[in-house]
Amino acid sequence: MEPVGIKTDSEWGKMMVTSAVARLTLGPEEHAMTGFFLAAIGRADQITLNHSVTVSRLSEVLCRGMGLNGHTPEIVMAALFHDIGKIGVEGRFLAHDGPLEPDEVRALQAHTTLGGHALSRMFERETVTLVACHHHEKYDGTGYPAGLAGDEIPPAARIVGLIDAYDAIRAKRNYSPARTHDEAVAVLVSARGTHFDPAVIDAFVRTEREVASAFAEIHAAIDADSAALQH
Ligand SMILES: [Fe+2]
């Protein structure tokens, strides 16, 4: 069944949303709402939709590697919506290619709490809300929005936060070039125990080959779709 309300511009966007939703166990209302909100993310910002689906797929690989099978579907769903609060952030901050002013940084960081509030009203799934709210916390307590440290950070947010950083490092942005898988792994490992939970980093290192091939598979499809859209 195709989710209600999918009207993204690209075939890939439509396929991504459909296949992401098919991986979840959802009631009919949640199913419709999930499709609707993913399509809304795609309409607002195709890069955020690509990122959300990539983070969701790679979080699934890491969760399975950690043996979290029972919790995996909920974390996969949480990963899909972790950046939904960006719909409420002005596009000029998201596409910015230089340093931001302090009030712009605050506006951008608000995507965590905005997303968390919206998701707590949309779904009765605590993990989904917690991941949106806390995926930018850091293990040493220097992250945002709450400055949580160590085990205070919800476990699912530690997992999705790591994969989020991996995809951000690999992606080409206005302000930074795309980096290779090995470069991304080196950056993440160097932040073991500061930005990232050591146990999650260790699990990531054990599954890194699978992460790399899932990333390559998704990005081949994204590139083929953007090439098709340009013709
Ligand atoms: Fe985020």
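Indexing begins at 1, ligand by ligand and atom by atom, following the structure's order.
At distances below 3.5 Å, at least one donor-acceptor pair connects side-chain atoms of Ser56 with backbone N or O atoms of Val76. For the pair Arg158 (side chain) and Ile153 (backbone), a donor-acceptor distance under 3.5 Å is present. With hydrogens and angles disregarded, a donor-acceptor distance shorter than 3.5 Å links the side chain of His111 to the backbone of Leu108.
Ring geometry for Phe204 against His181 counts as tilted: the plane angle lies between 30° and 60°, on a 0 to 90° scale.
Using a 4.0 Å cut-off between charged side-chain N and carboxylate O, Glu210 and Arg64 make no salt bridge.
Surrounding NE2 of His136 are more than 12 heavy atoms belonging to other residues, nucleotides or ligands, all under 6.0 Å away.
Protein contacts to the Fe ion (ligand 1) involving N, O or S atoms at a distance below 2.8 Å are Asp83 OD1, His111 NE2, His135 NE2, His136 NE2.
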